[in-house]
Amino acid sequence: MADFSCLVVEDSPMMRQLLVFALARIKRISVTEAEDGVDALRKLAGARFDLVVTDINMPIMDGLKLVKRIRSDETHKDVPIIIITTEGSTEDRQRAMALGANAYITKPIQAPQVIQKVKELLQL
Amino acid sequence: MSDEEQEGRDRRTSDAPVDLSRERETFVRQFLRKGVELTESLLVENRALVAKLEQLERENTRLRAQIASDDAIRDLIRKIDSLEAERNELLTRSTELEETRRESEVRNDQIEQELHDLANLYIASHHLHTTLSVRGVIQRLIELLQQLIGAEQCAIYLMDPAGGAARPVGADGVEVSDLPVLQVGEGPIGEVMMTGLARIQDDPTIGGTLEEPIAVLPMMVREQPVGAIAVARVFEQKSRWAAVDHELFKLLGSHAGNALVAANLYADARGALAALEGIDAHLNLSNS
């Protein structure tokens, strides 16, 4: 049985699959997938998550709005959040971090880098 | 009693001549004195010997203790030497284990990287072939270039049936309608479509254009070029090509054309079963 649950929010099925593959390398972690910010909020309302990994550029509700919503949610306001995006500039990184993200990974992602960040945030 | 009175009495009580008696007396006295002196001397010597014996016994005890102490020290020295050797052995073992741990860590990182690379290739292949829509194949191809390679601007060209020209059929970071029809054999993309050989710049950060892309891959079907994939620029955070990028280039070059051919053939069929109609003839399985 998994000790930690992670919500992966990504509109691209192939990126989502790649993230799930990467997170599956970490023992004691279960992964739930969401296609966009709204889908993520529905899933956050129905369960308790220990980590959220979200893309920024998504339809319906983007990752930055999702971070704001999570930080104002009583149940998940302290959950660690990793932002994943194609944007590599310092300004974008600062914007995401200012909204309350805990870490920032740029695409194309490297699974070992994702694993390391997740382990750091979950203190594994 | 005085000596004279003693001598008178001696004369009265002895028949020996007075001189002899006196001489005897003197001798006896001297003998006795000498005996006393000798006895006293012996007693003194005895006491000295007793003292010497006691001193020697003490010395002996001290020496015995010293020897015992020396033995203990020698034992301790031997124990220290043995512990020192054991410590050195443990240190060597610890260094070896640390080295093994480092090697394992490096190997583990390599394995994780290889798994990641394989996952990339699997996902690319899976997503390219699980759609039988021409538009879907083009979209997924672009998505693969963007998400897995990190392409910021890219375009896909397909050659016309005559093989003389290639038109753009998909792009990202630029409108397809803004892209020109290319002549096979002309320019970097045209040359790749003519030769079937990929053209990839060593440094992806140099920032190319679609006229001078940093990577052009031929789309091959049965060793024949049918089009090309061009990457003009990559995202600023991508500082170099990863090993898996070259593998992905090979995979896309060899699979994208097949996926497009399959999707194009399927587009005219009325569903999957209809698309499989007449397949027996190709397998020599016909019952008729």
Side-chain angles (χ1 to χ4, degrees), chain A residues 8-27 29 31 33 35-36 53-59 62-63 82-97 101 103-120 124, chain B residues 105-131 136-137 139-154 172-173 204-205 207 231 233-249 251-252:
Chain A
V8 171
V9 192
E10 168 64 75
D11 61 313
S12 159
M14 64 182 68
M15 273 306 295
R16 215 162 53 233
Q17 195 175 12
L18 195 58
L19 282 167
V20 171
F21 274 167
L23 293 168
R25 298 291 306 146
I26 306 170
K27 286 175 186 167
I29 199 164
V31 182
E33 299 175 43
E35 292 177 10
D36 54 52
V53 180
T54 180
D55 186 19
I56 284 187
N57 301 314
M58 292 183 294
D62 68 28
I82 299 175
I83 288 282
I84 294 183
T85 181
T86 50
E87 313 299 333
S89 75
T90 309
E91 285 167 19
D92 292 320
R93 185 174 299 130
Q94 284 172 344
R95 199 163 143 235
M97 300 305 266
Y104 188 99
I105 295 173
T106 52
K107 293 179 187 175
I109 65 160
Q110 291 291 312
Q113 190 191 4
V114 175
I115 291 168
Q116 190 191 340
K117 287 274 184 215
V118 170
K119 282 184 172 176
E120 275 173 24
L124 292 173
Chain B
E105 240 175 44
V106 169
R107 185 71 193 120
N108 189 54
D109 289 348
Q110 287 172 343
I111 290 169
E112 288 296 343
Q113 188 61 51
E114 282 168 19
L115 282 171
H116 167 74
D117 293 352
L118 287 170
N120 266 265
L121 295 170
Y122 166 76
I123 287 167
S125 175
H126 174 79
H127 285 272
L128 208 50
H129 290 291
T130 49
T131 175
V137 172
Q139 279 174 350
R140 289 186 181 191
L141 197 49
I142 286 169
E143 198 178 340
L144 286 167
L145 290 167
Q146 187 194 56
Q147 305 282 356
L148 302 188
I149 303 281
E152 188 181 26
Q153 190 181 55
C154 59
D172 191 40
T205 63
V231 178
R233 287 195 308 273
V234 289
F235 293 120
E236 67 173 273
Q237 66 269 21
K238 191 174 179 83
S239 57
R240 61 183 177 80
W241 297 120
V244 72
D245 292 336
H246 295 283
E247 296 302 321
L248 280 166
F249 286 153
L251 185 141
L252 295 180

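The shown structure was predicted, so the numbers you read here are calculated from the model rather than taken from an experiment.
Using a 4.5 Å cut-off between heavy atoms, A:M14 contacts chain B through both its backbone and its side chain. Neither the backbone nor the side chain of B:D245 comes within less than 4.5 Å of any heavy atom of chain A. With a 4.5 angstrom heavy-atom cutoff, B:L115 touches chain A only via side-chain atoms.
The closest donor-acceptor contact from the side chain of B:Q237 to the backbone of A:T86 lies under 3.5 Å.
Atom CD of B:E112 and atom CD of A:Q116 lie 11.5 Å apart (nearest 0.5 Å). Rounding to the nearest 0.5 Å places CG of B:L148 at 8.0 Å from OG of A:S12.
Closest heavy-atom contact between A:P108 and B:G150: CD-CA, 3.7 Å. Heavy-atom minimum distance, A:I109 versus B:H116: O-CE1, 3.2 Å.
Residue with the most contacts toward chain A among B:A124, B:A242, B:A119: B:A119 (heavy-atom pairs, distance under 4.5 Å).
One side chain, B:H127 or A:Q17, offers a donor N or O that lies under 3.5 Å from an acceptor on the other.
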